[in-house]
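Written below as C-alpha cells is the structure these notes are about.
Every chain is numbered from 1, with letters handed out A, B, ... down the list of sequences. Side chains are part of it too, since the values below use all heavy atoms of this structure and drop only hydrogens, waters and symmetry mates.
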Amino acid sequence: MCSAKYDQLTPSQKEAVFHKKGPALVLAGPGSGKTRVITYRISALIDSGVRPWNICAITFTNKAADEMRQRVIAIGVAAGSHISTFHSLCVRVLRRYADKAGINPNFSIYDNADQSRCMKQAVKDCNLDSVNFPPARMLDAVSALKNNLVTVVFFKADADDFFSKTLARIYEHYERILSEHNALDFDDLLMRTALLFDNCPDVCREIGERFKFLLIDEYQDTNYAQYKIAKSIVSGHNNIFVVGDPDQSIYRWRGADIRNILDFEKDWPGAVIISLEENFRSTPNILEPADKLIAVNKNRKEKKLIPTRQSGKDAVISVFEDEREEANAVAEKIKELAEEGMPLSGMAVFYRVNASSRVLEEAFIKNKIPYQVVRGVEFYNRKEIRDLLAYLKILANPSDENALLRIINTPSRGIGKTTIDRLKAYAVSQGISFFDGLKKAELIDSLPKAAKIKIGDFVKMIERFKKDSSGKVAPLAERIFNESGLSELIKSSEPEWKDKTENVDELINTAAYYDQQAEQPSLVEYLQQISLVSDVDAYDTAAERVALMTLHAAKGLEFEDVFIIGLEDGLLPHERTNTGNEDDLEEERRLFFVGITRAKTGLFISRARYRTIRGQLMRTVPSPFLYELGTDFAETASSCHSCGSRNPFAKLSDYADITTGIDDTSQILHDFVAGQLVRHKTFGLGRVKEFIDMGEDSEVVVKFNTGQTKSLMVKCAGLSKM
DNA sequence: CATAGCCGCCTTTTT
DNA sequence: GGCGGCTATG
C-alpha cells in the first residue's frame, strides 16, 4: 500500500482492491471501473506478497484477458499471474489431467458448424426425422443440459415422458459421435472440467493450491458449470473475488444464471459486498435514459447510476424511412463528427443481429469512412481457412472425422460419395475410425482398383505431413497449403483468388505469431487456442476505424459516440423473444441498456419505418423500449415536432420525432402486422397475432395482456397502434 | 465422379 | 437474401 499508483482510486474501489481474503462480491454498474478494480487488485495482492502465479483472473473474452495482462504490466507488476477465460482455463486443465478426465489430450474443439453436423447425424442415427426434431433445437437442449452438468447417464435415468426419452437417446448418440471423433464441444470444456474437479479431489486440491486467489470478471454471465468450477477451485481457501452487474446480464440464453450473482451471499457465507455505483464514463444525458429504461425491469435489485461527469450533449432518437436511409444518416453523422475532430476509433455502431452490418458497410464504403466489422469468427469460417485447418486437425487428431470428410476430396482427387460411403461402412463394420479404415482400403472388396490407388495416395500424403507435424506450426501450414493442392485450387477460383490467398497468408501469420510466442509450439495447442477466438478478439482497438458490432459484442467496451440502430419491435426486442416470457424481454432490455451505457458523450438511437427482412420490405413498429427512455427525453424530441422539423430524412442532428413515427403508423388503419403492439379501449394493450387482409372487412386477431385472444373487425375495433 | 444449377430452408445473440 | 443440400447432366 506504499505506492502512489493507488491514489487515483475512489474509496469504494480501494475497499475492493485491498480486500484481504475470503469471498467478496463487487456489485458494479456500468462505467464504474470494474476491470480496473480487478487489475489493481492483482497488483495489490502481489504487493502484499502473493506470488503472481498463485493468482487466477477470469475474463469473458480472450481480448479482455490480453488487455488485462497489458494493464497489469503497465501499472508496474511483472507478468506471471494466470489471466484467461473460463474456456481457455478448462482446455489447459483438461489437457493436463486428460487421463483423469478420461479423454485423449489431442481432442478437437468442435464449433457450431461441427456440432450441427454431429447432431444431424445423431438425429439420423436415432431414426428420427429432422422436422420433428430439428438439430438446432436439439443442440440447444443438449447445450442447456451440459451447462447444468446433466450427463447422459443422469438425464436418461430421469427421463420419463416421451420427449425427454427421445432427447436422451439423441444426447447419447451425439455424445458417442463426439467421442468417436475425439472431440469436445464448447459446453463439454466446462462440463468435463467441472466433473473432473468433482470426481478427483486431488486434482481439485492441486488447482486450489496453485490458484490461491480467484478473481472473476463479468460474474453475472457465468453459468452453473462455471459456478461449480469456481467453487471447486476455491474450496480450500474461499478466496473468491467476483465483479459483476446483474443489469448487464445478457447471456441467459447461453445458460448464464443471474442467480450466481444474486445468491452470492448465500453461496459464500460471510461474503463482503462492495457497491460501485458511481459512473465515470457517461454524461448524465446518457445515464438518465439508461436508468429509466433499466428501471422498467421488475426482476432486479434497484440500483442508481450516479453520474460523475458534467452534462453534455443530448441523446438523440431519429426515425428514417428505411434501413438504407438509416445507414446513410449514421455514416453522414459520423463523417460530420470526424470533421469536428472526433477520431474514428472513438465511434461505434451497434445492432442486434449481424445481418444489419451489410447495409452499414455499404453506406460506409459510399461515404469513404474507414470501418471494421468486429466479427472474429468470420475469418475462421471462410472456406479456404477451414480447409487448411482441416488438414492440420487431421494431423493433430486422426479421429476428427469432420475434418477428414472435409478434405478427403478437397481439392478433388476422385474420391466421391460412393467411395466414401463404402469406406465408412467398412470402418463401422470393423469398429475402427474412418481414418484407420482409409489405411486398410486395400482390403475392401467393394472398392474398385482406381479408388484404392487414390485413397492410398491420399493416406501417403497425410502421413508425409504428419512426419513434420511436431515442431512449429507455420512452416507446416505453408507446406500443406502448397503440397496438398489447396494452393492450385485457390488460384483457379477466378474472381476472389487474391482475397483467398491473402486470407491463407493471414492464417499462416497467426500461426507464425503463435510459434514465436509459445514456449514449445504444438499443433494441438495452436488448434485448441484458435478454436476459442471470439468476435471481439478481432477488434483492433488502435485502428483509426469506426467499429461496427452486435450489442452482445459491445459488452465491456466504451466509445465517445455510440450509434444504436434498428430500435424496432421484432429486432430489439428480437422477435424470438416475443414468447410472452417476461424474463426474455427483460434480457433484451438489458441488452439495450448495455448498448446505451457504452457511450461516453454521444448517443444516437435510430429506427426505420420500413426494413428489408429476408429480402422483403416490411413495415416496422417502433420498439417499446423507446417509450421507456423517459418523458424528458421524449419531450425534447416533441418540442422539435412543434417547430415543424418532421423530415424523416433529416440528419441525426436534426431531431426527428419519435412520436411522429407513432402518429404516422396509427393513421393507417387497414394494415396490421403480426407481433405489433396495439391498444383497445376496453381490452387494453395487446399484440397482433394474425392479420386477415380482406380490404374494408379485414380482421385482426389480438392477444391481449389480460390473457384473452380476440378476433376483431378492423373497422369497428377502434384499435390504435403503439 | 464432377459440376452447375436449382430448390427450399432458415434467419439472435457466442465461448 | 444466403447457404446447404440435392439432382440432373456431362
Side-chain angles (χ1 to χ4, degrees), chain A residues 58-65 84-91 109-113 115-117 120 130-131 134-137 139-140 143 146-147 184-191 193 218 221-223 225-226 249-256 323 350-359 374-378 380-381 383 409-421 448 450-451 454 492 528-538 549-555 566 570-579 584 587-588 590-592 594-595 611-617:
Chain A
I58 306 280
T59 55
F60 196 73
T61 62
N62 288 307
K63 175 92 181 168
S84 78
T85 63
F86 262 113
H87 285 85
S88 301
L89 177 69
C90 290
V91 168
I109 298 174
Y110 271 9
D111 64 10
N112 289 352
Q115 286 183 61
S116 23
R117 239 189 131 93
K120 271 179 201 159
S130 57
V131 180
R137 299 288 302 274
L139 223 38
D140 282 350
S143 168
K146 289 186 178 181
N147 285 328
L184 300 181
D185 64 21
F186 289 125
D187 304 312
D188 279 331
L189 297 175
L190 302 175
M191 180 169 81
T193 307
E218 310 279 13
D221 280 320
T222 50
N223 62 32
Q226 291 166 324
S249 160
I250 54 174
Y251 284 94
R252 213 175 71 96
W253 52 273
R254 204 172 84 183
E323 74 274 13
F350 304 152
Y351 36 81
R352 176 65 232 264
V353 296
N354 280 303
S356 301
S357 69
R358 273 186 73 90
V359 205
V374 177
R375 229 188 151 203
V377 291
E378 204 168 66
Y380 291 97
N381 281 336
K383 187 184 177 301
N409 202 29
T410 306
S412 323
R413 42 176 77 88
I415 305 175
K417 195 176 177 302
T418 12
T419 308
I420 290 171
D421 286 344
K454 288 167 186 164
S492 67
Q528 290 177 346
Q529 246 180 48
I530 62 167
S531 299
L532 297 177
V533 300
S534 65
D535 279 353
V536 263
D537 291 344
M549 67 187 87
T550 64
L551 284 159
H552 282 89
K555 169 181 159 132
L571 239 196
L572 183 62
H574 195 271
E575 58 183 344
R576 293 267 303 236
T577 61
N578 275 349
T579 51
D584 287 339
E587 174 139 319
E588 294 288 301
R590 288 194 292 269
L591 191 55
F592 187 27
V594 166
R611 185 170 298 270
T612 316
I613 295 165
R614 270 169 261 169
Q616 286 226 304
L617 194 66

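- With salt bridges taken as basic N to acidic carboxylate O contacts below 4.0 Å, none links Arg576(A) and Asp584(A).
- For Glu587(A), the side-chain hydrogen bond (donor to acceptor under 3.5 Å, both in side chains) partners at least two apart in sequence or on another chain are Arg590(A).
- The side chain of Arg358(A) places an N or O atom within less than 4.0 Å of a non-bridging phosphate oxygen (OP1 or OP2) of dG2(C).
- With Asn409(A) contributing its side chain and Gly416(A) its backbone, the two residues share no donor-acceptor pair below 3.5 Å.
- Heavy atoms of Tyr251(A) sit under 4.0 angstrom from primed sugar atoms or phosphate atoms, though from no base atom.
- Applying the ring pair (Phe, Tyr, Trp, His ring centres under 6.0 Å) criterion to His552(A), with sequence neighbours excluded, gives Tyr251(A), Trp253(A).
- Judged by distance alone, the side chain of Asp111(A) and the main-chain N or O of Ser531(A) form no donor-acceptor pair under 3.5 Å.
- Under 4.0 angstrom from either OP1 or OP2 of dT12(B) there lies at least one side-chain N or O belonging to Arg576(A).
- Side-chain nitrogen and oxygen atoms of Thr577(A) include none within less than 4.0 Å of the OP1 or OP2 phosphate oxygen of dT12(B).
- In this structure, Phe350(A) atom CZ and dT13(B) atom P are separated by 16 Å, rounded to whole Å.
- The phosphate of dG4(C) (OP1 or OP2) has no side-chain N or O of Ser116(A) nearer than 4.0 angstrom.
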Between the protein and nucleotides 5-10 of chain C, list the N/O to N/O atom pairs that are separated by less than 3.5 angstrom.
none

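- Between the CZ atom of Phe592(A) and the C1' atom of dT12(B) there is a distance of 17 Å, rounded to whole Å.
- Protein atom CG of Leu139(A) is 13 Å distant from nucleotide atom C1' of dT14(B), rounded to whole Å.
- If you check every strand for non-hydrogen atoms under 4.0 Å, Ser531(A) touches nothing.
- The nearest whole Å value for the distance from the CG atom in Asn381(A) to the P atom in dT14(B) is 12 Å.
- Side-chain N/O atoms of His87(A) and base N/O atoms of dT15(B) include a donor-acceptor pair closer than 3.5 Å.
- Using a 4.0 Å heavy-atom cutoff across all strands shown, Ile415(A) reaches sugar-phosphate atoms only and no base atom.
- With hydrogens and angles disregarded, a donor-acceptor distance shorter than 3.5 Å links the side chain of Thr193(A) to the backbone of Leu189(A).
- Listed pair Asn409(A) / dA2(B) meets the phosphate criterion, a side-chain N or O lying under 4.0 Å from OP1 or OP2.
- No donor-acceptor distance shorter than 3.5 angstrom exists from the side chain of Asp140(A) to the backbone of Arg137(A), with no hydrogens or angles considered.
- We find that CD1 of Ile420(A) is positioned 13 Å from C1' of dA2(B), with the value rounded to whole Å.
- Nucleotides dT12(B) and dG5(C) are separated by 24 Å at their C1' atoms, to the nearest Å.
- Ranking dT13(B), dT15(B), dT3(B) by closeness to the Trp253(A) side chain, first place goes to dT13(B).
- Asn112(A) comes within 4.0 angstrom of a base, heavy atoms only.
- For the pair Glu588(A) (side chain) and His574(A) (backbone), a donor-acceptor distance under 3.5 Å is present.
- dG4(C) sits 22 Å from dT13(B) when the C1' atoms are compared, rounded to a whole Å.
- Rounded to an integer number of Å, the gap from Lys383(A) NZ to dG2(C) P is 19 Å.
- Proximity of Asn354(A) to the phosphate of dT13(B): a side-chain N or O atom is located under 4.0 Å from OP1 or OP2.
- Separating the CG atom of Asn147(A) from the C1' atom of dT15(B) is a distance of 10 Å, rounded to the nearest angstrom.
- When the P atom of dT14(B) is taken as reference, atom NE2 of His574(A) falls 12 Å away, rounded to whole Å.
- Nearest-nucleotide assignment on DNA chain B puts the 5′-proximal partner with Ala136(A), out of Leu190(A) and Ala136(A).
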